[in-house]
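Working notes, beginning with the structure itself.
Just so you know, these numbers use all the heavy atoms, side chains as well, and skip hydrogens, waters and symmetry mates.
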Amino acid sequence: MKSVVIFCIFAAKSTEMSSKITKDDLTWHEILVRALLVIASVAIIVWLMPRRNSFNYNIEKGKPWIYSDLSAPFDFPVYKSDEAVKAERDSLMQLYEPYFIYNKEVAGNEIRQFFKDYNNGIPGLSNDYLSIIANRLRDLYTQGIMNSSDYAEFHRDTTRMIRIIDGKDANSVQISTVNSVVSAYEQIFLDETLAAHRDILRKCNLNDYLAPNLTYDKARSESSLNDLHNSIPLATGLVQRGQKIIDRGDIVDTKTYNILMSFKKETERKHENDPRISYTILGQILYVSIFIICFTFYLTLFRKDYFEKVRSATMLYALIVVFVVTASMMVKHSVLHIYILPFAMIPIFVRVFMDSRTAFVVHMTTVLICACILQHPLEFIAVETVAGMIAIYSLRELSSRSQLFWTAVLITVGMALTNLALDWIDHSDISSITLSEYNIIVVNGLLLFCSYPLLYLIEKAFGFTSNITLIELSDMNKELLRKMSEVAPGTFQHSIQVGNLAAEIANKIGAKSQLVRTGALYHDIGKIINPIYFTENQSGVNPHQKMGSIDSAQMIISHVTEGIKLAEKYNLPNIIRDFISTHHGQGKAKFFYVQYKNNHPNDDVDELLFTYPGPNPFTKEHAILMMADTVEAASRSLPDYTEKTIRELVNRLIDAQVSEGYFKECPITFRDIAYAKTVLIEKLKTIYHTRLSYPELKKEKT
């Protein structure tokens, strides 16, 4: 996973650099970035992919075989189980005789040293005891003396035989006849003659004249042991090429388990140094490259805005790499069934933050890359394709948390039904269908419930904002909105009305209605700093009457900058802050601008003092909010509310915005603007419709 992290950092840095390149170099830089992203993705995926010629099955004794029918691709022996081989080796250990080299010189040297040390005899004993002790030492050396470590290791089984090499002769003797230095010292006093004078002889330190004369011959002993082990036949039979090993759904019994383990061992042995593995790697590089390049061309041709954004490009490529690498590791180590990995999270994430088409393309790219590492790819492709389509269809518009729950349920049902259909196609006997895969699909569905917390993590990691977050921000009990309703109730009502109008326009022209509704609620949030300076919050007192035009204009304009500060303080997403900064664009506070020019006809006007900081709208949603905000505010000043006055107001205001170039930087069309006008006119007619006057009851004349 460390490689995936490095890849994400690389993608982010590469895309970030694109903003620093001049327009002349942009084309070549885009090509370079795309090439590097493709190379990095392919390198990480192929590096961690299992090789096609490896054994990618998870074998469980006593469990159903969950993979497709398996036949032997080549002849291979059926090896004995490790337990059987160990039992045979243990039985052969009774025949094993370790080798020891007999050193004749040790006895002569030690006995001569003894006579030299006691040349004058042993105090308290006659000189005859020197010969008795020497003969006793000679007998012990003839039997053989080992060092303590060898004696402790080999003397555990007193019936064991060892082989002593004396020159060219090798004689087998029982280990119990051989002594260690310690036991040889005790053997000295088993002689009755010497035992009677034990106290005197102890002072002689006779153990100083006992030294090992048997040396363990490691090389010869290990060679003998290997010969014994090699004499055990490791195989009990032969499986011929094409022979059926196991059918899908069969129980893996002991015999079949041994055959499968033998197949695994032989497969790994055959391909350990197989030069053909290089062709496997080349094939994987080519296969993965095709799909990554196709995906990159999709972004280049149809979703270029995603590719140019750091967060979008990083998330899309990272999703592909992370899921393919995870699947590869699962297959390589045979940890779990591949269906347990919730691939449907990919279209869920991409659909929530981007669009349906991109969600499907990313999902299918990932699934098709993963298919090449599986033993039965067609079933996997079918099941995961259905899962991806259900995820996209069910999240056409995410408006509540419960949708993610039902999406997980629908995906689980869809995967189970697809898998059942394939089982019915492959099995004529329904009773032979196992439930193991369906249990795994259920686990997959449970893992899909993790999509909700993961959505939050992705939002924070990549800077996206989901519809769920927008809905949560639209809660009127949010601190900022509640404060606005209390401090600036007129602005609060205006924001709600603008949100309703903007959402209707967005639904009509295919924009993001929840986004523009939430943006509308916060677009005038800066007015809560000085609410009395805005008409909708005034109740008879207008502080602008005592202020100059420039000061009044600055006060009005300040609600944008104050709104940005409040958005930062309350940690509103950037996508909401953009509505605050763009809802007036780089327009002017026209009332005070015109007022100043009328009062100072001969003075030069510094237009920047009356201009909002902007920027102008750069998304379709920004443009919708600007139109709805302007029309809703101006509609309150109409002298009468007829269809004609409303239509003239809407057309005049929006046409002015178009002519002043506010919408040049956003992807809104004249058709969209025409629809926006129609929606605004119809909604304002509904809001300000003329009510009938109720007749008064006439009193009867008396």
Review point. Taking 4.0 angstrom as the limit, do R163 and D217 come out as a salt bridge?
Key: no

**Study point:** Among D150, N147, N179, side chain to side chain contact (heavy atoms under 4.5 Å, CB included) partner for P212
**Key:**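 The side chain to side chain contact (heavy atoms under 4.5 Å, CB included) with P212 is passed solely by N147 among D150, N147, N179.
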
Hey, could you give me the [atom1]/[atom2] distance between [X] and [Y], rounded to the nearest 0.5 Å?
X	Y	atom1	atom2	value
F405	Y452	CZ	OH	15.0 Å
T465	L470	OG1	CG	6.0 Å
S328	L48	OG	CG	7.0 Å
I45	M49	CD1	CE	7.5 Å
I165	R220	CD1	CZ	3.5 Å
I348	Q403	CD1	CD	11.0 Å

Exercise for review: Using the side-chain contact (heavy atoms from CB on, under 4.5 Å) rule, take T215 and Y102 through it: C-alpha gap first, then chi angles, then the decisive distance, then the call.
Suggested key: CA-CA 7 Å; T215 305; Y102 182 78; over 6 Å; no

Can you confirm whether more than 12 heavy atoms, excluding those of [X], are under 6.0 Å from its [atom1] atom?
X	atom1	result
F76	CZ	yes
K255	NZ	no
Y393	OH	no

How about [X] and [Y]: do any of their side-chain heavy atoms sit closer than 4.5 Å?
X	Y	answer
L319	V350	yes
L214	I145	no
F349	F462	no
V182	Y151	no
L260	I245	yes
D166	I101	no
I175	M161	no
I292	I369	yes

**Study point:** Worked verdict on L395 versus L404 for side-chain contact (heavy atoms from CB on, under 4.5 Å)
**Key:** CA-CA 8 Å; L395 293 175; L404 290 172; 4.3 Å; yes

Taking all non-hydrogen atoms of both residues into account, name the closest pair between [X] and [Y] and its distance.
X	Y	value
T326	L341	CG2-CD1, 3.7 Å
T177	Q174	OG1-O, 2.6 Å
I251	I246	O-CD1, 4.5 Å
P342	L448	CB-CD2, 3.7 Å
Q143	I164	O-CD1, 4.4 Å
M354	M315	CE-CE, 3.7 Å

Do [X] and [Y] pair up side chain to side chain, a donor and an acceptor below 3.5 Å, judged on atom types alone?
X	Y	value
E459	S466	yes
T296	Y317	yes
T358	D355	yes
S223	N226	no

**Study point:** Stacked cation flag R357 on F302, 6.0 angstrom / 45 deg
**Key:**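 Pair R357/F302 counts as cation-pi.
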
Check your understanding: For the rings on F291 and F295, is their centre-to-centre separation under 6.0 Å?
Key -> no

Check your understanding: Is the Y96 to F154 ring centre distance short of 6.0 Å?
Key -> no

Practice item. Apply side-chain hydrogen bond (donor to acceptor under 3.5 Å, both in side chains) to S224 and D227, showing your working. Key: CA-CA 5 Å; S224 174; D227 290 341; 5.8 Å; no

Exercise for review: In sequence, state the C-alpha distance, the side-chain angles, and the governing distance for Y306 and Y298, and then conclude on ring pair (Phe, Tyr, Trp, His ring centres under 6.0 Å).
Suggested key: CA-CA 11 Å; Y306 293 160; Y298 164 78; 8.4 Å; no

Review point. side-chain contact (heavy atoms from CB on, under 4.5 Å) between M146 and Y216: does it pass, once the steps are laid out?
Key: CA-CA 8 Å; M146 295 181 180; Y216 176 61; over 6 Å; no

Exercise for review: Kindly determine whether D423 and Y438 satisfy side-chain hydrogen bond (donor to acceptor under 3.5 Å, both in side chains), including the steps that lead there.
Suggested key: CA-CA 11 Å; D423 281 341; Y438 298 93; 2.6 Å; yes

Spell out, as yes or no, whether a donor-acceptor pair under 3.5 Å connects the side chain of [X] to the backbone of [Y].
X	Y	result
T256	V252	no
H363	M389	no
Q284	P50	yes
S183	S180	yes

Check your understanding: Passes side-chain contact (heavy atoms from CB on, under 4.5 Å), N444 versus T412? Steps please.
Key -> CA-CA 7 Å; N444 180 291; T412 304; 5.6 Å; no

